[in-house]
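Notes to accompany the following structure.
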Number of protein chains: 2
Amino acid sequence: MTQTVWAALADPHRRDVLDLLAAEELSVGELVTRLSLTQPQTSKHLRVLRDAGLVRVRQRGQHRIYAVEPESLSELDSWLATYRRLWSRHLDRLGEHLEQTPQGDS
Amino acid sequence: MTQTVWAALADPHRRDVLDLLAAEELSVGELVTRLSLTQPQTSKHLRVLRDAGLVRVRQRGQHRIYAVEPESLSELDSWLATYRRLWSRHLDRLGEHLEQTPQGDS
DNA sequence: CCAACATATGCCTTGACAGGCATATACGGT
DNA sequence: ACCGTATATGCCTGTCAAGGCATATGTTGG
């Protein structure tokens with residue numbers, strides 16, 4: 001399950017796809033153009049991303065419009081939380097914690 | 001490179017290693033015990049994590065103590081920032097006051 | 001130096017995955 | 001229904017990484 005998300009993100013091309021979709025919804029053809037990937041390549045990457053729940057698709061005319069499914073990344077975010085505490089603690093010691101912390105500091 | 005970090009994190013065993021090290025520094029032998037991996041397996045995973053800058057090692061007697069290097073994950077965190085904005089915006093549309101409620105039971 | 005322990009590495013096999021190419025399927029217009 | 005466009009999938013191949021096993025390297029103490 002979660003493994004699917006990690007595996008999907010392991011591929012640079014798929015992260016490129018996500019990054020484009022984060023800005024705007026795009027059809028497969030538009031993705032192909034912007035990424036200079038082949039069309040089958042793109043479709044396959046989209047398949048993986050879809051199976052991982054990272055993108056969703058809808059039909060518009062004869063195009064399939066892909067959009068990012070950002071909540072699927074929240075689990076990655078919560079996994080990171082542990083480490084974020086660690087490195088921000090480290091930054092604290094350097095007195096460089098510029099951003100305000102939502103929760104009170106440790 | 002960033003790719004190294006993503007590739008390193010793609011493996012479940014390596015994430016397990018990191019999760020253990022996030023709690024406390026451990027020697028290789030202790031990792032082997034807790035993860036029920038073989039020793040060479042563990043050493044190889046540690047090698048990958050080290051090359052990715054995710055852990056650091058120091059010698060203590062005849063043991064090698066591994067510790068997590070949390071700042072290496074900050075780039076992953078900043079990558080996530082884009083998507084975090086997206087999904088929190090989505091949550092906003094569902095009613096942002098829900099997260100202020102202690103128990104948002106269904 | 002030798003012994004015993006702890007850890008790293010080399011070799012090999014196997015399985016997973018990406019890319020290329022051909023082709024199948026779906027949709028819209030006529 | 002036919003055609004062109006858009007997208008998906010199947011097959012094949014090369015590559016790469018993980019696991020198993022044996023062994024090398026490094027460390028401590030005698």
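Because the structure is predicted, anything quoted here is derived from the model rather than measured. Throughout, a chain's letter reflects where its sequence line sits, starting with A, and its residues are numbered from 1.
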Quiz item: Is there a donor on the side chain of Gln39(B) or the base of dA6(C) sitting less than 3.5 Å from an acceptor on the other?
Solution: no
Quiz item: Can a donor-acceptor pair be found between the side chains of Ser27(B) and Glu30(B) at a distance below 3.5 Å?
Solution: yes
Exercise. Taking atom types as modelled, find out whether Glu75(B) and Ser78(B) have a side-chain donor-acceptor pair closer than 3.5 angstrom.
Key: no
Rounded distance in Å - [atom1] ([X]) to [atom2] ([N]):
| X | N | atom1 | atom2 | result |
| --- | --- | --- | --- | --- |
| His63(B) | dA8(C) | NE2 | C1' | 15 Å |
| Asp11(B) | dA16(C) | CG | P | 14 Å |
| His13(B) | dG20(D) | NE2 | P | 9 Å |
| Arg58(A) | dA6(D) | CZ | C1' | 16 Å |
| Arg50(B) | dA8(C) | CZ | P | 6 Å |
| Leu9(A) | dC17(C) | CG | C1' | 16 Å |
| Leu37(B) | dG19(D) | CG | C1' | 10 Å |
| Arg60(A) | dA6(D) | CZ | P | 13 Å |

Choose from [options] the nucleotide whose nearest atom is closest to any side-chain atom of [X].
| X | options | result |
| --- | --- | --- |
| Thr38(B) | dT27(D), dA8(D), dG20(D) | dG20(D) |
| Arg14(B) | dT9(C), dA18(C), dA18(D) | dA18(D) |
| Gln62(B) | dT28(D), dG19(D), dG20(C) | dT28(D) |
| Ser43(A) | dT7(C), dG20(D), dT7(D) | dT7(D) |
| Gln41(A) | dG19(C), dA18(D), dA8(C) | dG19(C) |

Side-chain N or O of [X] versus OP1/OP2 of [N]: is the shortest distance under 4.0 Å?
| X | N | answer |
| --- | --- | --- |
| Arg47(A) | dA8(D) | no |
| Tyr66(A) | dA8(D) | yes |
| Arg64(A) | dA26(C) | no |

Exercise. With the side chain counted from C-beta on, respond yes when Leu18(A) and Tyr83(B) share a heavy-atom pair under 4.5 Å apart, and no when they do not.
Key: yes
Practice problem: Could you check Ala7(A) against Leu46(B) and say which one's nearest nucleotide on DNA chain C is further toward the 5' end? | Solution: Leu46(B)
Quiz item: Hey, which of these two, Ser27(B) or Lys44(B), hits DNA chain C nearer its 5' end, going by closest nucleotide?
Solution: Ser27(B)
Quiz item: Hey, does Thr42(B) reach any base, or is it just sugar-phosphate, or nothing, if we go heavy atoms under 4.0 Å?
Solution: nothing
Quiz prompt | Electrostatic pair Asp16(A):Arg34(A) at N-O distance under 4.0 angstrom | solution = no
Quiz item: Considering all heavy atoms of both residues, which atom of Gln3(B) and which atom of Pro12(A) are nearest to each other, and what is their separation?
Solution: OE1-CG, 3.6 Å
